[in-house]
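A quick write-up on the structure given underneath.
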Amino acid sequence: MLMTDAKRQFEVPSLSKRVLTIVGGYGSGKSEVSVNLARFLAETTNKPIAIADLDIVNPYFRSREATTRLEKLGIEAIVPRGGQFYADLPIILPEIKSAIEGYEGTLILDVGGDDAGARVLSSLADAFIPGEYEMLLVVNVNRPFTKDIPSSRQLISRIEDSSRLTFTGLISNSHMMEHTTTDTILQGVQVAEELSRATNLPLVFVSVTQDILEKIHPEQLQTPVLSLDRYLLKPWERKTNSNSSTG
Amino acid sequence: MAKILMKGNEAIAEAAVKAGAQGYFCYPITPQSEVAEYMSRRMPELGRVFLQGESEVAVGNMLFGAASTGLRVFTTSSSPGISLMQEAISYMAGAQLPAVIVNIMRGGPGLGGILPAQSDYFQAVKGGGHGDYRLLVLAPSTVQEAVDLMMLSFHLADKYRNPVMMIGDGMIGQMMEAVEFPDEYKEDPLPPKDWDLTGAKGRSPRVVKSLFLDPVKLEDNSWLLHEKYERMKREEVRYELYKVSAKNKILIIAYGTMARICQTAIDELEQEGISVGLFRPISLFPFPEKEIKKEASKKNIQTVLTVEMSTAQMMEDVERAVLGAKPMAFFGHTGGIVPTP
Amino acid sequence: MANHSNTIFSRPEALYDTVTHYCPGCTHGVIHRLVAESLDELGVRERTVGVAPVGCSVLAYNYINCDFMEAAHGRAPALATGFKRMRPDMIVFTYQGDGDLASIGMGEIVHAANRGEKITVIFVNNAIYGMTGGQMAPTTLANQITTTSPNGRNVTDTGYPIRIAELLATLQTPGYIERVAVHTPQHIIHAKKVIRRAFKYQVENRCFSLIEVLSTCPTNWGYTPGEAIKWLEDNMRPYFPLGCFKTPDVKEVR
Amino acid sequence: MEQYEVMLAGFGGQGIMTAGQLIAYAGIKEDKQVAWIPSYGPEMRGGTAYCTVVLSDTRIGSPIVTNPRCICVFNRPSFDKFGPKVKPGGLFIVNSSLINVTSDRTDFIQLLVPANEMALKAGNGKAANIVILGAFIGASGVLKYETVRETLIEKLGKKKEYLDLNLQVLEEGYNLALETIGQKDRV
């Protein structure tokens, strides 16, 4: 991937745990973050990378839509195949459990929204090995369930209850879709940092699309940055022959 | 066979029997309950199936199950009951199951009223239920024609593996006219069945379904259905002309019993020296678009008048056919007020 | 669980040799197998038609090797009725979950039972909507947390869970109604006998039958498969007692 | 024969529909085109019940007729409602047993038939509809008396006693009409 001079000066995320579980409110951008994290790790580490789509609550805008592009980068996608790829069915592939228990590289779990979406983790709870996983909350202050510190704390406790796992960190992914500005990003990070202080959960990184990142001066962001390449595009945002989503 | 006097509803029932219907499922609703009453005696007499379901929702789905046997089955109902059957009708169209559905229409929307109307034109010809599908729709104007079209409906349902709907208003159902049934009912040969569920003996199992998870396969199925509907448009257009001539100043488009009322009006106008012709669509889907266009485009026609017992539903199809070639006019009543000549 | 049982039994002919889409610890696979074994043992696979519901078992025809129809949500008993009336010589069964049968399809099942349709209904009760992601079902237990009862099912707002077997057994007509479970090997062995008997009654052209099968849904319950078995035992069994509620022959009531 | 329309109107239970159907059956026997159409729905329960029969040698257009050639009214509400609708030059048959007024119109023939009294005298007041039927045949001449008689035997022949009574009042109604109107003034 090409990096501009400006970007090189941003700190990049450092994640060493074997299992990275990405959780958050509905529409906070979990899937986009998960897919980009997989790409970033595939490009910057030598370890095998796998991504599992655990979103069984909502069959739209799931990370599995990026399967073909991820596989081109050598990333293993653990998703149902054939017709079931599209099914509105809670399909938990048996491979997911064994991957949580002992995947050789880094496994990214893209989980469904809210405590409802995170409940699936509870059925897999005995596969998680304490100390070998991260559970990261994706925070978008422009979404109602994480709009401020109290609502975010509430979501954290609801998700921890339903998943029976404990959070280990935060991701700031504040955006307003195509209306995102540099202020959206900076204000989001500010709230995320506040939440970090209130919960003692480290802010692991902030995710920003490349076009906005170009407008931000490195000094404005003291947090590690994951630059986002949009994978989960709306049909009218796609260019011909890119982002093919056939399973 | 000699002519006998029959109520439309009874005639429709007997026509289905003659066409070889092996099963009839129903739920009572005015003004078509005579079909159910007639069949409750007639079908057991013949060792065939009669069943009154608990609702039109169930009846539509019973029809789905029964049609999966490959045997000829049908149901009759009236406007609100037909609405409740739309779920099953859509599934049947999706799964390509043949069945005949008769709608003896009344006035709507909602509970409306029970008197004759043609208020379900859109519902019948534009799909009616959810999804991308069409029904073959036929509209008789006399009790004899109801008999003939009923028999044809079973044939077309099998020919196209598609539900066929026959629509008439309360007049068709309640009116008595002399009818004649063919002594022996013969029809063109049909393609062999390779989809009916008969048990997976000596073959791999079959599944009758409309679910296609893979969007590519779903799209394939939708285009397959589309091709079928296009074939219907080429092969199944039916209509009748009445007093259409080069003297006509006005061309009336009307279907069902409404067309007969127009015939009488045309006769009366003729006495007064006004020449009017009638174009009566018999198949409402496929709609005789090209044929209407041809008649309407003739030089002598000054106005195309659509007459319906609904608020200008068919007129939209007439407009589409005429494509602005001639000025349009509409006359109609609905809600049970039957226009008179 | 399906993989585990493969080492004990051979695959019935009425079951395809394929991996199901069901989640680990889900009991649909076991119930499919019991149905398939019953069809094989009675020698009726080649004259059987199944009716798949809307729900997690919507793809049942990918696993059970016989002719199938796929019903609209809740309407399987109506399809089965239509088919069986036309072809009384065939064996017809529906396979339905609790949302399908006890909620949207309540009308169809009650009337099919009351008419005494000679069909076999396999009713899988796991107290939750699985397919759509764990919403409250008509059989969801009091205080049970689901995605649409986040604070637990409030019975003053939503009523108590419906006991289908008992409800249908109050009807004069239906012949054979029993509730079984499939969460332990012993229960599976018993369930097998019961399901086979239900099909046998149909083969003998005797009566309507409905077998309610208590089942687990670890994914939507949010339990590991092991915990789910315990939850069924501790919570579902007390409210949904196992046993026979109606038989076509009084002597057979145990 | 050109088209002939007859409407029968009264209240439910007066045998209106049956009388209309008998006309239609007889029409088929004489190889005519026929259409019988009832009023149905709310009107059927209380108020007026009526049916229309259209007889023709050629194709029948509208089965709905605004101004029928003949209207037979069995009760007062029907008299009030349909009296004005008789086609000028047509025939208005009034059941004078139940209707004690007459129409002021002079542009049609009005025939008063004490149908209930005649039927009662013959043994059953319910046969009033057949009296009117007979009167209609006599006054209109649209169908042959013999054809209608045969139709009655076919359709109502199951009970011998009942049939004899019906045949008797049919004849009485027919004769009354002929006597009143005269063969050449039939409408």
Side-chain angles (χ1 to χ4, degrees), chain B residues 21-25 27 43 47-73 75 84-92 94-95 97 99 129-131 195-213, chain C residues 13-16 21 36 39 43-55 58-92 94 104-115 117 119:
Chain B
Q22 298 294 320
Y24 170 72
F25 300 83
Y27 187 81
M43 293 298 261
R48 303 184 192 175
V49 174
F50 166 87
L51 185 63
Q52 178 175 329
E54 67 270 26
S55 68
E56 286 95 344
V57 175
V59 164
N61 286 284
M62 286 173 181
L63 201 64
F64 183 116
S68 301
T69 62
L71 297 167
R72 286 190 164 174
V73 293
T75 186
L84 286 175
M85 290 179 187
Q86 292 300 340
E87 172 188 66
I89 293 172
S90 169
Y91 278 67
M92 279 190 277
L97 283 176
H130 62 281
W195 52 268
D196 50 335
L197 302 185
T198 52
K201 186 171 185 176
R203 60 160 170 79
S204 51
R206 293 170 178 166
V207 181
V208 171
K209 67 179 176 106
S210 55
L211 174 70
F212 298 89
L213 285 175
Chain C
E13 195 192 353
L15 211 57
Y16 289 113
H21 69 276
L39 297 180
V44 295
R45 184 191 73 85
E46 294 181 335
R47 60 180 176 108
T48 295
V49 170
V51 189
V54 168
V58 64
L59 302 174
Y61 48 78
N62 285 346
Y63 312 125
I64 299 175
N65 177 8
C66 66
D67 277 4
F68 253 93
M69 294 184 271
E70 189 172 272
H73 197 19
R75 318 290 175 230
L79 266 69
T81 296
F83 195 98
K84 183 75 179 184
R85 290 276 175 148
M86 300 302 290
R87 291 291 306 267
D89 55 319
M90 302 249 314
I91 302 299
V92 183
T94 73
I104 194 167
M106 185 60 113
E108 282 75 14
I109 189 60
V110 170
H111 287 277
N114 194 52
R115 286 189 303 264
E117 299 296 343
I119 58 171

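In what follows, every heavy atom counts, from backbone to side chain, and hydrogens, waters and symmetry copies are set aside. Quick note on labels: first sequence line is chain A, next is B, and so on, each numbered from 1. All values reported here derive from a predicted model rather than from experimental measurement.
- The shortest non-hydrogen separation linking C:Arg45 to B:Ala200 is NH2-O, 3.7 Å.
- For the set B:Asn61, B:Val57, B:Val208, B:Val73, the entry with the most heavy-atom pairs within less than 4.5 Å of chain C is B:Asn61.
- Neither the backbone nor the side chain of B:Val59 has a heavy atom closer than 4.5 Å to any heavy atom of chain C.
- Residue C:Arg47 touches chain B through its backbone alone, counting heavy-atom pairs closer than 4.5 Å.
- Between B:Lys201 and C:Asp67, none of the side-chain N atoms (NZ, or NE/NH1/NH2) sits under 4.0 Å from a carboxylate O, so this pair counts as no salt bridge.
- Only the side chain of B:Glu87 comes within contact range of chain C, with at least one heavy atom under 4.5 Å from a heavy atom of that chain.
- Within the 4.5 angstrom heavy-atom criterion, only side-chain atoms of C:Met90, from C-beta onward, approach chain B.
- By the 4.5 Å heavy-atom criterion applied to side chains, B:Lys209 and C:Tyr61 are counted as neighbours.
- Using a 4.5 Å heavy-atom cutoff, the side chains of B:Leu51 and C:Glu117 are in contact.
- Within the 4.5 Å cutoff, the side chain of C:Leu59 has heavy atoms near those of the B:Leu211 side chain.
- To the nearest 0.5 Å, atoms CG (B:Leu63) and OG1 (C:Thr81) are separated by 12.5 Å.
- For C:Ala78 against B:Ala58, the heavy-atom pair with the smallest separation is CB-O, 3.5 Å.
- Only one option out of B:Thr69, B:Leu197, B:Asp196 pairs with C:Arg87 in a side-chain contact (heavy atoms from CB on, under 4.5 Å); it is B:Thr69.
- Considering all non-hydrogen atoms of both residues, C:Cys66 and B:Pro205 come closest at O-CB, 3.2 Å.
- For C:Ala76, no part sits under 4.5 Å from any heavy atom of chain B, backbone or side chain.
- With a 4.5 angstrom heavy-atom cutoff, B:Arg48 does not touch chain C via any of its atoms.
- Applying the salt bridge (Lys or Arg N to Asp or Glu O under 4.0 Å) rule to pairs touching residues 50-70 of chain B yields B:Glu54-C:Arg115, sequence neighbours excluded.
- Between B:Phe64 and C:Glu70, the shortest heavy-atom contact is CZ-O, 3.7 Å.
- Both the backbone and the side chain of C:Ala72 come within less than 4.5 Å of a heavy atom of chain B.
- Summarising the local packing, CZ of B:Phe50 is surrounded by more than 12 heavy atoms from other residues, nucleotides or ligands at distances under 6.0 Å.
- Here the side chains of B:Met62 and C:Arg85 are not in contact, with every heavy-atom distance at 4.5 Å or above.
- B:Phe25 is listed as a side-chain neighbour of C:Met86, based on a closest heavy-atom distance under 4.5 Å.
- Of all the listed residues (C:Asn65, C:Asn114, C:Val44), the one sharing the greatest number of non-hydrogen pairs under 4.5 Å with chain B is C:Asn65.
- Within the 4.5 angstrom heavy-atom criterion, no atom of B:Ser90 approaches chain C.
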